[in-house]
S.K.: 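Sending over a structure as structure tokens; questions will come in a sec.
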Amino acid sequence: MSERKNGKAKPAPRPAAGAGTKKKPAPGAVLEAEAIEVLGARVHNLKNIDVRIPREQLVVITGLSGSGKSSLAFDTIHAEGQRRYIETFNAYARQFLGGIERPDVDLITGLSPVIAIEQKTISRNPRSTVGTITEVYDLLRLLYARAADAYSYVTGERMVRYTDKQIVDLLLKEHDGHEVLLLAPLVRGRKGHYRELFEQLLRQGFLRARVDGKVIDITARPRLDRYKVHDIELVVDRIKVKEADRKRLAESCATALKYGKGNLIAFDLRTEAPRYLSRHLMCPTSGIAYEEPEPNLFSFNSPYGACPRCSGLGQVTEVALDKIVPDRSKSLKRGAITPLGAYKSSWVFRQIEAVLQHFGHDASTPFDEMEDNVLATILNGMDEPLRIASQAGLNDRSVQFEGIIPFILEQADEGPKTAQKWAGQFTHMVTCPECEGTRLKKIARWFRIAGKDITQLADMPISDLHAHMTALPEHLDEKQAIIARDVVKEIASRSKFLLDVGLEYLTLDRSARTLSGGEAQRIRLATQIGSQLTGVLYILDEPSIGLHMRDDQRLIGSLRQLRDGGNSVLVVEHDKEMMLNADHIIDIGPGAGVHGGHVVAQGDAQQLMRSGSLTAKYLTGEERIAVPAERRKGNGHRIVLKGATGNNLKNVDVEFPLGTFICVTGVSGSGKSTLIGDTLYPILSKTFHRAEAYPLPYKSIDGLKHIDKVIEVDQSPIGRTPRSNPATYTGLFDHIRELFAQLPSAKIRGYKAGRFSFNTAGGRCETCKGAGVRTIEMNFLPDVDVPCETCRGKRYDRETLEVRFKGRSIADVLAMSVEEGLEVFADVPQLSGKLKTLMDVGLGYITLGQSSTTLSGGEAQRIKLATELSKRDTGSTFYILDEPTTGLHFEDTRQLIRVLDRLVEQGNTVLVIEHNMDIVKVADHVIDMGPEGGEGGGRVTAKGTPEEVVLMGRGHTARYLEQELYPTKA
């Protein structure tokens, strides 16, 4: 291990007790004090292994999928680090957290504080964006609150500040003869009981205040809810504005401005309208005033900054008219209004009949024979009261008819779940028309720095934002430059870290829900680099996911930067470049599941390649994924998509040859997901499955008659709770429960299939309700699951577990690996077929009852693929897969290619979005998007066979593809 980092000498290790002069270590030797030592690790499939991991080095753990890499890195080292952290809490705090079991390991020494950067830590909150996760947007809010120039949204003029005399003159001019309250704003949108404030005001002689819009007597010592947000204004004077009382008005204004720190509110009691006046910001022409900007004015998560129409979400619910009245040739009696269903004698139909009578029609009149304003009234309601004739000879009733659309929107937003589901049939989300998707209220968008408002910066790709912030000091005046200097420097620094991990194409306003696992992980990595911690052990789970080979070196550089800061970096990875650039590699194997769990090789890249392990053979080229001898031509038919312009696509025309293996590739952010996931798939899904899909803009699509089904296999979780698992998702568990219910011991006890469900009462453990675990909330850390103390994680009660198949209980079956299950259920066709497909996609190592929350994106995707493979295909199916090699070793990738080839040989079309050159080189047809990410992308740079793409030489993919196709030339 090197004795120097970043040119700084490392402190000499402390000599052992009784040691003499320290000898110079042999080259490559790892000193005791410089290693994390794991002894006797037996978690999951680990075979009592001993591992020594060098500290302050970039260490890669690799091996086949399911060989035990994550068991070592996350379930042993990270779990022990988390347990030790909890042990530092005092006994009082620990009693609320409960116990965290020690991993099944004899000893771990040399362990630093551990931070895990996983793929699964993606926020699903619609309010989370790239800007909020990285905190860059928080810095922008601070910058705009302190250094921005305000402009009037009425005239566009720059705002000015008034003197005290000008404020008095304005009040005399606008409120002459009116009685007004002169208020001094004291508290704006803050929590607290404010008893001391009211006491202080009383001592100063004030008697009244306006709290949350209501004037109260403060002599009564009001008690406010300390946990609610409050607005408090001091009532300085109640005065009738007239020239004769100018002196009193001026004194009262001065007092209000003093207590309001330069702001006052003149509340006109006649119009009941507040007038904000300030020494700070006001439009010179229209007279509108802005409050002094605070960071929360620019926050879409705060009521003071969020757009009032969409509440800061950027989208609103809109009713689709063609879903409410799909057939205008029908009348009300024939069911023209779909949400109401068939005609019946009910109150709502009586109201609509009254509307029709009001316009001279009846319930039998077809809607296409009515004027447009009749339908508009039925949908949107009436302003004037509607008279409805009584059926029992009583007096007629007058009601306010609200209309069909307002009722549907009310149910969609505020109704119970069943009503929301009903309303969802007739609504869809559209960009908010008031804020145009920016999420902020109007005033926030009229503060500008160097001619740009904060939403324009949030909409910039990170690369453009970094360039803008770097050049910004040149465009600021002297005062702004002093205020903004440190904030601008920090924003430029953080955006640079995002560039270094290959995320230059992202924008700050990009929703966190749309990020892939790899993107979210690299964002967290950039945040950690920016935090500049030292002495930490970072554990990362395949950070290269979703990254084009062009950006590999930048990611590796970021990890080295983390290492050179005095940290240890442990990466679970299959990427060849990452391994070759690592300081140390640990190869776990030799197989997956029960066949893995051993350390088969360890050392630097050169030592690993001499070891002869399966990984080493792929690194040296001894084993390779073969390039097919000839490319399939397909069935002669194609799908032709023209004029795609969604997001960054530049009017793209693309052909997809059917009956082939198609690969869409390109650098990150080049438009692959927009073209396939947001344009092509919604079109196909809407056409063949009547899905509620809304494709991004395109001109035309041809050739759909040549396919009859589309299946998308993405990396979204197969379930969001620990109750979901591979057995339930694939349908295996239904057959397993029926099998157990047919056993003699189950029939004697009268058990049905429901007895063996852990989701319903009867056979499950009622302590944990069948979950098998108890969740401990960690507040500022991820929640921790510990086994249920009653059932010991088995999910079922004792009686249910007594029913056995071949000596195994239902809990034992859920704990089986797929490979073991295939042996046990070999003579049960309904089970063996599904288990065989899971084996075919390289998932023989996962357990049938493994919680879906512990599965990686790649594993979830392959479970979905296996589920589809177990169904009968039509031979004309269009399969779409997004990065199916996520989490796959070279050997697993070879196995996946065989499965996909089998689908194509049956006449189907398989389209994959992929960066892995092992997949790209075996495709029949390659579509390369680019040439860059973000605005620099959105074009098809090359298309054809891999050989044709290399010959064209355009884009970044061609260079790396050539190295794979012609390794001797490289």
Side-chain angles (χ1 to χ4, degrees), residues 123-151 153 159 185-194 210-213 224-233 260-263 265 274 276 278 280-281 288-317 413-414 429 431-449 452-459 483-484 487 490-491 494 507-513 527 780:
S123 172
R124 296 291 165 188
N125 189 328
R127 296 186 176 278
S128 286
T129 65
V130 172
T132 59
I133 295 171
T134 59
E135 299 178 359
V136 173
Y137 190 74
D138 298 333
L139 292 167
L140 280 177
R141 292 195 294 117
L142 179 62
L143 175 65
Y144 270 78
R146 299 291 178 257
D149 294 322
Y151 292 83
Y153 60 76
M159 305 289 271
L186 302 179
V187 173
R188 176 66 75 193
R190 294 205 304 271
K191 296 177 183 178
H193 52 68
Y194 296 106
R210 195 171 77 138
V211 178
D212 300 331
L224 304 185
D225 188 333
R226 66 181 299 179
Y227 299 108
K228 289 186 178 179
V229 172
H230 299 292
D231 293 336
I232 301 175
E233 293 120 16
K261 296 181 179 177
N263 302 303
I265 301 171
Y276 294 95
S278 177
H280 307 302
L281 297 169
I288 62 163
Y290 296 169
E291 297 177 60
E292 200 65 25
E294 291 296 330
N296 63 4
L297 174 65
F298 304 98
S299 171
F300 43 79
N301 292 327
S302 163
Y304 294 97
C307 166
R309 174 80 182 273
C310 64
S311 300
L313 293 173
Q315 291 184 311
V316 292
T317 304
D413 293 337
E414 301 172 9
M429 299 301 289
T431 301
C432 174
E434 187 164 322
C435 68
E436 299 176 338
T438 62
R439 302 173 174 237
L440 293 176
K441 62 172 26 172
K442 181 164 59 176
I443 290 175
R445 289 177 274 137
W446 284 89
F447 283 83
R448 293 174 183 162
I449 297 177
K452 293 189 181 295
D453 65 61
I454 194 168
T455 64
Q456 290 173 298
L457 267 57
D459 193 42
I483 296 170
V487 183
E490 184 64 20
I491 295 171
R494 293 202 184 198
T507 59
L508 295 184
D509 60 5
R510 168 95 171 256
S511 174
R513 295 195 294 183
T527 305
F780 44 86

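Keep in mind that the numbers below use all heavy atoms, side chains included, and drop hydrogens, waters and symmetry copies. Computed from a predicted model, the values in this text were never measured in an experiment.
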S.K.: Under a 4.5 Å cut-off applied to non-hydrogen side-chain atoms, are L508 and L457 in contact?
M.R.: no
S.K.: Taking all atoms of both residues into account, what is the closest heavy-atom pair of P185 and E233, and its distance?
M.R.: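 In terms of heavy atoms, the two residues are closest at CA-CG, 3.7 Å.
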S.K.: By side chain to side chain contact (heavy atoms under 4.5 Å, CB included), which residues pair with K261, not counting sequence neighbours?
M.R.: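 Testing K261 for side chain to side chain contact (heavy atoms under 4.5 Å, CB included), a comparison that skips the adjacent residues, returns none.
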S.K.: Which heavy-atom pair separates V487 from L139 by the least distance, and what is that distance?
M.R.: CG1-O, 3.4 Å
S.K.: Could you list the residues that satisfy side-chain hydrogen bond (donor to acceptor under 3.5 Å, both in side chains) with N263, not counting sequence neighbours?
M.R.: S278
S.K.: Hey, could you give me the OG1/CZ distance between T129 and R439, rounded to the nearest 0.5 Å?
M.R.: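 Here the interatomic distance stands at 6.0 Å.
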S.K.: Among all residues two or more places apart in sequence or in another chain, which pass the salt bridge (charged side-chain N to carboxylate O under 4.0 Å, His left out) test with R510?
M.R.: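 Once residues adjacent in sequence are excluded, the partners of R510 under the salt bridge (charged side-chain N to carboxylate O under 4.0 Å, His left out) criterion are E519.
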S.K.: Let me check something: any side-chain donor-acceptor pairs from residues 299-306 under 3.5 Å, sequence neighbours excluded? List them with distances.
M.R.:
from, atom 1, to, atom 2, distance (Å)
S299, OG, N301, N, 3.2
S302, OG, Y304, N, 3.1
Y304, OH, G189, N, 3.2
Y304, OH, D231, OD1, 2.9

S.K.: With D149, which residues qualify under salt bridge (charged side-chain N to carboxylate O under 4.0 Å, His left out), at least two apart?
M.R.: R158
S.K.: In the structure I gave you, are the side-chain heavy atoms of Y144 and I449 within less than 4.5 Å of one another anywhere?
M.R.: yes
S.K.: Measure across P293 and L281 and return the closest heavy-atom pair with its distance rounded to 0.1 Å.
M.R.: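 Reported closest heavy-atom pair: CD-CD1, 3.8 Å.
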S.K.: Please, which pairs that meet salt bridge (Lys or Arg N to Asp or Glu O under 4.0 Å) have at least one residue in residues 133-143, sequence neighbours excluded?
M.R.: E135-R494, D138-R141
S.K.: Using a cut-off of 6.0 Å, state whether more than 12 heavy atoms not belonging to R146 lie near its atom CZ.
M.R.: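 Yes - once you tally the heavy atoms of other residues, nucleotides and ligands closer than 6.0 Å, there are more than 12.
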S.K.: Under the salt bridge (charged side-chain N to carboxylate O under 4.0 Å, His left out) rule, collect the residues that match up with R309, sequence neighbours excluded.
M.R.: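 By the salt bridge (charged side-chain N to carboxylate O under 4.0 Å, His left out) rule, R309 matches no residue at all.
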S.K.: Could you tell me which residues satisfy side-chain hydrogen bond (donor to acceptor under 3.5 Å, both in side chains) with S511, sequence neighbours excluded, listed by chain and number?
M.R.: none
S.K.: Would you mind reporting whether C310 and E434 have side-chain heavy atoms less than 4.5 Å apart?
M.R.: no
S.K.: Return the set of residues passing side-chain hydrogen bond (donor to acceptor under 3.5 Å, both in side chains) with E436 (not counting sequence neighbours), or none when no residue passes.
M.R.: none
S.K.: Between Y137 and D509, does the side-chain contact (heavy atoms from CB on, under 4.5 Å) criterion hold? Intermediate values first, please.
M.R.: CA-CA 9 Å; Y137 190 74; D509 60 5; over 6 Å; no
S.K.: Just by distance, do the side chain of T132 and the backbone of S128 share a donor-acceptor pair under 3.5 Å?
M.R.: no
S.K.: Are R448 and Y151 in a cation-pi contact, defined as NZ or CZ under 6.0 Å from the six-membered ring centre and within 45° of the axis?
M.R.: yes
S.K.: Please examine the side chains of Y194 and V211, heavy atoms only from C-beta on, and report whether any two atoms are closer than 4.5 Å.
M.R.: no
S.K.: Under the side chain to side chain contact (heavy atoms under 4.5 Å, CB included) test, which residues partner T317, sequence neighbours left out?
M.R.: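 Partners of T317 by the side chain to side chain contact (heavy atoms under 4.5 Å, CB included) criterion, ordered by chain and then number, come out as L409, A412, D413, T427, M429.
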S.K.: Applying side chain to side chain contact (heavy atoms under 4.5 Å, CB included), can you list everything that pairs with A444, at least two apart in sequence or on another chain?
M.R.: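 Partners of A444 under the side chain to side chain contact (heavy atoms under 4.5 Å, CB included) test: L297, F298, L440, K441.
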S.K.: For T455 and T438, work out which heavy atoms get closest and say how close.
M.R.: CG2-CB, 3.6 Å
S.K.: Return the minimal non-hydrogen interatomic distance between C435 and G314, and the atom names on each side.
M.R.: SG-CA, 4.3 Å
S.K.: Apply side-chain contact (heavy atoms from CB on, under 4.5 Å) to residues L224 and I232 and explain how you reach the verdict.
M.R.: CA-CA 11 Å; L224 304 185; I232 301 175; 3.9 Å; yes
S.K.: Who passes side chain to side chain contact (heavy atoms under 4.5 Å, CB included) against E291, sequence neighbours left out?
M.R.: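 E291: side chain to side chain contact (heavy atoms under 4.5 Å, CB included) contacts with R188, Y276.
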S.K.: Which residue, S311, C432, C307, forms the side chain to side chain contact (heavy atoms under 4.5 Å, CB included) with V316?
M.R.: C432
S.K.: Do you know the tightest heavy-atom contact between H230 and D225?
M.R.: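 Result for this residue pair: NE2-O, 2.7 Å.
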